[in-house]
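Reading through the structure tokens given below for one structure.
Throughout, protein chains are lettered first and strands after them, A, B, ... in sequence-line order, and every chain is numbered starting at 1. What's counted below: heavy atoms across the whole structure, side chains too, no hydrogens, waters or symmetry copies.
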Amino acid sequence: MIELLFDIGLYHYLILALILFSIGFFGAIVAKNMLKVLISVEFMLTAVNINFIAFAGFFDNIKLSGFVFSLFYLAVGAVEIAIALAIFYLMFRTKQSVNTEDYNCGKE
Amino acid sequence: MQHLSVLILIFSPLIMSAILFTPFFKNNEVRIRRFSKGFASLHFLYSLLFLVFFNPLNQGISYYEEIKFFGTSWIQPLGFKMAFGLDGISLLMVILTSFIFLLALIASKSNIRQKHKFYYSMIFLLQTAVLGVFCARDMFLFFMFWELELVPMYFLIGQWGGGNCKASAMKFVLYTFLGSLSMLLGMLLLYFYNFSTYGTMTADFSAISVSSPEFPIFLQVFISILLLIGFAVKMPIVPLHTWLPDAHTDAPTPVSMILAAILLKMGAFGVIRFNMQLLPEGFQYLVPLLLIFALINIIYTAFVAYAQMDLKKIVAYSSISNMGIVLLGLCTLNLIGFSGAVFQMVAHGIISAGLFMLVGIIYIRTKTREIADLGGLGDVMPRLMGFGIILSLASVGLPLLIGFVGEFLVFLGAFNSPVDELSAPIKIYSVIAISVLVLSAAYILRLLHKTFFANIFEKWSKINDITNHEFVVLFALILAVAFFGVFPMSILDIIQPILANILEIFKI
Amino acid sequence: MEFLNNITKIMLPEILLIVFIFIQIILSMFSDTKFYKLSKWLTVLGIFLAISLCSKVSIDPIYYGFKNSIISDNYTIFFKFLILLSSFLIVFLTKKVIMSRRDNAFRFNALLLTVILGSLILVSANDFLTMFIAMETLGFGMFFLIAFEKGHCSKEATLKYLVISAVASAVFLFGVSYMYGITGSVNFSSIYDYFLNNNPTLLYSMAAIFITCGLAFKLGVIPFANWILDVYEGANTSVVTFLSIVPKVAMFGILARLLVFPLSYSFELTFILVVISVATAIWANCLAIRQKNIKRLLACSSSANASYVLFAAALVSVFNLSTVLFYLVAYIFMNIGVFAAVIILESSEFSNKLYEFKNFAYTNPVFTLCFATCIFGLAGFPITAGFISKIYLFSAISRSGLIFLPFLMIMMLTIVVSVYYYLRVVKFMFEKSDNVTSEVIPHKVSSAIVILYCCAAITVILGICPSKIIEICQLMAYNI
Amino acid sequence: MEGTFINNIYTVILFPLWVFLLIILGRLLNVIQSRRVISLLTLASTLYGVIFAVVTFLYMLKTPDYVYENSYAFLRIENYTLNFGVFVDNLSVIMLLVVTTISFLVQLYSTNYMYKDRSFPRFFAYLNLFNFSMIGLVLSPNLFQNYVFWELVGVSSYLLIGFWYKKPSAADAAKKAFLMNRIGDFGLLAGTIAISYFIYRYSDEASLATVPFSNIGNIGDYLYSYTNDAVFVIICVLLLFGSFAKSAQFPLHTWLADAMEGPTPVSALIHSATMVAAGVYLIARLYPLYSLSDGVMNFIAIIGLITALICAYFAITQNDLKRILAYSTNSQLGLMFLALGAGAYTGGLFHLVTHAYFKSMLFLCSGIVIHSLAHQQDIRFMGGLRKYLPLTAACYLIACISISGLLFSGFCSKEMILSGLLKNNHYIFAVGFLIVALMTAFYMFRSYFVVFEGDFKGSNVPLKSPFLLNLSISILAVFTVFLGIFQKGFEHFIKFGNDIAQSENLLNPVFISVSIAVLGIFLAFVIYCKKNKIIKPKILYQLSYNRFYIDNFYDFLSKKIYYTISNICAFIDKYLVDGLVILAGLNTRALSWVFSKMQTGNFQSYLAYAVIFLAISFAVLMFAYTMIMQYAFLSGVS
């Protein structure tokens, strides 16, 4: 039993990724602070990356496309967050609020 | 015969509606109206030419023509064709259409007070759509014109109507749209089953009618139901009829005339074209059910009509009741009842147009259609009362007027029908349906009496009798009513061969 | 060498666009507000050249480039052509937004071209990585375009778009990662081949569902659909036009390929997609009847249209694909027409509220006619492309089996609802009102008016003789 | 010569139609305005009919059993043909004579009587329409055409009753008459169609489908052999319904009294002499059919007797002069039904003829009275009019004597009926007949005594009657007096089968009926002329005065029950059927509201929806998978 816990295999990574993904998703939904939302999105990104790398590492003959994918995704994610921060900054100048509940332009 | 072009017949109103927007007409109301009327009369005469050269014994389709675009047919990859042609029934409907549109245009003079150019162009667009439905030789072409008719109707009811006309127009369009989508589904199934079984991509009526009667029965029934929902909305058959009183009440008089006289016939026409010609077994399977619907249509709406307080609603419900008779006739599956149904289509077209015209004339003068507000108008409008009496009597089926022959043949056909072998007690139904003689008399006389008879209200004592153009419309209708009432064979001779042809498919 | 060979054979339009993007960016550094017109004509020139270069792309036989990550065949070229054509039309609608911020004209056009570039690569992607990169290229351009409008609402819309986009991407990639885990590859062809020998599992289906749900974001269908109203309202109308067409067309292009190749083994996915599309149709059409703002209404409309197409695309077959293609062609023109009309209204100081449309029919008859034609087209009335495309689409769905008939019926019910709100737009235009001063629309936005007329004309022509276009669509669909 | 002459008999039908159309068109186009021209045209057309009828009649007398038939197809569907045409035999020629002569006299009368009316042309147009339809009816060669004209006479009657449409009572009466007749038409149409169907379906002769009267014997036999008893009786009863409605027999009798709202000449022409006799005429036409079933015959007789009894009873207490005559008509028609039903075929028809003349004379007399008293119809305000209108009084008296069966034509016809009843051993019917005779004599002389004898109770001096009016009633009086002498001839001319009514040893019945009549007259004399107070049995009086409350019941039925049913239907239509449609719309709106509330503007809620959707779809997927796995597992085990 103990061995099963400590003998780290593919499924551990996958479950970790799933948990991370869920946390990220959950955080993106419930966080009131816009910055926390962005951090949560990063969580999801990380979860995907863990998945890719775990799969790539655990194949019989290592396949690079997973690593490549995760690299690309890291870069893209970084860009995405940068853009998000830039736009957030633009908006913050007029709204003066980080609370997501204040962003409700299309409310009916 | 070859020089008569059905394409000119169908598309000339469309061209006319475009011509109305040329600078020549400016906003000159009189000029627009005169040209429209002139065109409509020419169109009517032209449609009569088709009758002159028509050979009813010709088994196939007369005046067949197809439009090709750059050498390919309409939707070549799917085998849809833009083909038109006439058989006896369509010819009859075409002439009726052209006649009623002419009268509606004449009647528009006193009803339409604004946006003339737009109005007349919409009327012509509607005419093209309706003629297209009657002449189409391809399922999807039929459907296209069927849908096209909604656009002008939406504007005609919504723009020139009274009361809550926008909502009524919307209700009309949505209701019909719903029905036609179901119809579309039926057509698609028909088309694809035909395709998958026989490998030919075609939606041509003649081609499909060769193979479709061989479809398995459950499929025929299923498709029949889908199609019938579409036609039932238009016809209308009872649970799907509620758009009609609203649409009629709020539509301007000429549009009401067209709606009652022509558009309702499209439903019955569709039943003949699709359910009877293409899916005989499915239709036969549904006949016992349809008979009950027909009876409900006839009797129930006659009662409802009696309780209405609005003149137009009475006439509208009487239309539904009459269309019930048409449905009954179609369900008899024998030549007598079938001819009666088609005759009744024409008869109801003429009579209901007249009745709506009548109500419209009263409404223009009194600005009310409430029965309680009217009475004794015969005193100031004797000529209108004369027309009213004749039309009412025609409507209740007085012999020697047009309303009688259709009803009589339908009842007779119902008695002679082979349908009772399908375990539907059609003779009893027929006897029940005959009671419409009394019921229709009840509501029509109520309309007549409450409007024209008894004491006149002081406020109406100054109104005028009918004007010349109204006289022309009513007189033309009355002439038709009397002529076809005395010489019904002039219509029956045209349609009988094709009807007999259709009935041959049925295996009873 | 192979790299260069690939580029010259299949990537010429893209490379050309990259060149133009750089030109624009460089020019933006020296930009003078006087030259704003130059940027537009540069863009037009770029797109035009790209279109003409499309014919140089080798497509026969199917050409795989860049180690199988890019594919080039009839189908991709058709989509590229569609994207470029619609962009070409839309560029003429951007006059107003550029006028408002002349100093940023070059940047705007550079971003526009970036999005087009992303879309072009997206449709020709043959593995998930390329697809992902293309999607993000497209997305980044879109973020800035949406934020281009002045005021904080557009920024807020961008932020929503961005966060949801990121989450959707994550969902998509989560699915891709599982797919990668199952098959050991991210290449479409390899995944397809893998399952020729192995049985698909539940995990595969789940991965497929994750992937398509992630893609749903760009299509604006459930589950990632709700952003569409807010973003459409917040963004500039020209950008919205762009947003409603180019990414969507590209996404349908790649989605169809996905459904044909890597995701084709999942029977569950089909059902999920059908449910998604029907649910979207219900949601969008019902929501639309309460909208008073034409842009929000069109947002719902575009979502609904996407759902119809999705239905047909989900039931994969050659015939269905051809209907999807034709529907997209028809939709492009009708939608551009409608948005052109909205843009004309905006430049004439009308707001986007429906009730401001009163009296139009009497003051601007020709404009109304064209606008109404496009609206009727969207609603599916005859003698417009919308009618034919709907019939064609439904024919595909009804052909695909009786199981889906109930779904189709529900969808048809929602179409009846859609007729209601489309007609309401028309109704307002024909309403007479004394409260609203009837203004004649000035013809200062001539290019948009020309686009509107053209789109209306094409809508009608496609509605009357669609034969040729359908033939082309069928040809393209056979080649996938 | 005869052939070509009789070939043109259709002109008798069409002439009035042309005149009708001429007048209507003239009015529409404002061409013909002169009343003189209109009345002359009308009289000419009717006179033409009279002459034609007389000549034909004479020709028929010369050549016994001559039958002329000519028809063309009105409707032809495959080999199913319905014909229009003319059919002349003894019965129709007699009817033609009656119709045209009375019509002519009444038109003569109306020329003067209606001259002052604003709608004189309309009135004459309607009269022509009626003439056309009535002549068409009596010359019908088949049941189908019979039905066509049956409806047309109904319509002309409706139009004429409602002639003064501004009077609400007249309009209502017209409506009532039309609806009641329509009920009958319903039966007639159903019956016609049923017969037509059975003949067409089962006999080899498709030409019989139109039910020609010339072959009615064969048709009856066919029908009787193809159907079982119940169906046969049902068909007969349906057909009889037409007759009952038209002749105002028991369940449908109420319209006739109300029909008196029409102008008096109309009452004289249509509602006493001609149209209401059409029911009797139709029974005579279909006699071979009905006589196949005793039940049907008895049914006719019983209905006739009931009508005769109750209507005679109603007539006793009425105060409106025309209503008395109307109920009298009703009652006499009932006697004709009784006679036909009980086998006294010739007697019944002879009574039809004689009754037509004296009853129309009675109405015309009453018209003169009403005219001279400035539209006073209540007999309580009359009296002693003999001094002012001696000729009218004399004619009225002649008619009263005749109708009571004391002398003149009425005596002959009633005696024929009675002897027929006795000969066929229908004693109960005979007793009923005598009771009716008693009441008839009583109420007729009551009206005579109250109107013409005693003191004048009105306020204004009565006007003298003009010449034309006097002329018409005098001619009718002549007919009434002398028609009786043709009794023997009639017996030979109109007969059913070969048995000629035996009127040799009639001493006994004559004695009975005459004495009964005298008794009635005596009672009337004692009570109303001598003003002897008698105790009026209150309940009986009320019952009679209120016509057994049948009218009230029908009013209740039509105004309350029918209206309630209609309202329920309308309610269902508006709130249930349309309600569902509206509900669908509301549902959509509600859904829309929910969706728009979900549109919070906050992107996090949007993400939440996505999660929920994903979760649900995965849950469903998992569930489905487990179910499939379980199923596979279980099926694998078994």
Segment of [X] engaging chain B (4.5 angstrom heavy-atom cut-off):
X	value
A194(D)	both
I568(D)	neither
V577(D)	both
R201(D)	side chain
F198(D)	neither
V148(D)	both
L576(D)	neither
F571(D)	neither

Counting heavy-atom pairs under 4.5 Å to chain D, which of [options] comes out on top?
options	answer
L445(B), L499(B), I456(B), L409(B)	L445(B)
N455(B), D379(B), L401(B)	D379(B)
W243(B), Y317(B), F452(B), F487(B)	Y317(B)
G378(B), S339(B), P239(B)	G378(B)
D493(B), V396(B), T301(B)	V396(B)

For [X], is it the side chain, the backbone, both, or neither that has a heavy atom closer than 4.5 Å to a heavy atom of chain D?
X	result
S435(B)	both
Y443(B)	neither
M170(B)	neither
L174(B)	neither
I389(B)	side chain
L439(B)	both

What distance do [X] atom [atom1] and [Y] atom [atom2] have between them, rounded to the nearest 0.5 Å?
X	Y	atom1	atom2	answer
D578(D)	D246(B)	CG	CG	6.0 Å
L240(B)	L580(D)	CG	CG	10.5 Å
I77(D)	M489(B)	CD1	CE	7.0 Å
I565(D)	Y300(B)	CD1	OH	13.5 Å
T192(D)	F411(B)	OG1	CZ	13.0 Å
Q496(B)	E78(D)	CD	CD	7.5 Å

Atom [atom1] of [X] with >12 non-hydrogen neighbours under 6.0 angstrom:
X	atom1	answer
I428(B)	CD1	no
N228(D)	CG	yes
R446(B)	CZ	yes
K574(D)	NZ	no
K427(B)	NZ	yes
Y575(D)	OH	no

Please work out which of the three classes, parallel, tilted or perpendicular, describes the rings of Y306(B) and Y563(D), given edges at 30° and 60°.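 Judged by the thresholds at 30° and 60°, the geometry between Y563(D) and Y306(B) is perpendicular.
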Can you give me the closest heavy-atom contact between [X] and [Y], atom names plus distance?
X	Y	value
R182(D)	G397(B)	NH2-O, 3.8 Å
V486(B)	F74(D)	O-CE1, 3.1 Å
A307(B)	N567(D)	CB-OD1, 3.4 Å
P399(B)	E151(D)	CD-CB, 3.4 Å
L75(D)	P488(B)	CD2-CG, 3.6 Å

Between [X] and [Y], is any pair of side-chain heavy atoms under 4.5 Å apart?
X	Y	result
I193(D)	F408(B)	yes
Y80(D)	L335(B)	no
F453(B)	K175(D)	no
F186(D)	V431(B)	yes
I336(B)	Y197(D)	no
L400(B)	F132(D)	yes

By side-chain contact (heavy atoms from CB on, under 4.5 Å) - contacts of L25(D) (at least two apart):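 Partners of L25(D) under the side-chain contact (heavy atoms from CB on, under 4.5 Å) test: F475(B).
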Only pairs of heavy atoms separated by less than 4.5 Å count here; which of Y158(D), F149(D), W164(D) has the most with chain B?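 Between Y158(D), F149(D), W164(D), the count favours Y158(D).
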Please identify, among L189(D), I183(D), I572(D), the residue contributing the most non-hydrogen atom pairs under 4.5 Å to chain B.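 Answer, by heavy-atom pair count under 4.5 Å with chain B: L189(D).
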State plainly whether the residues D573(D) and K313(B) are in salt-bridge range, i.e. N to O under 4.0 Å.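 Between K313(B) and D573(D) there is no salt bridge, as every charged N stays at least 4.0 Å from the carboxylate O atoms.
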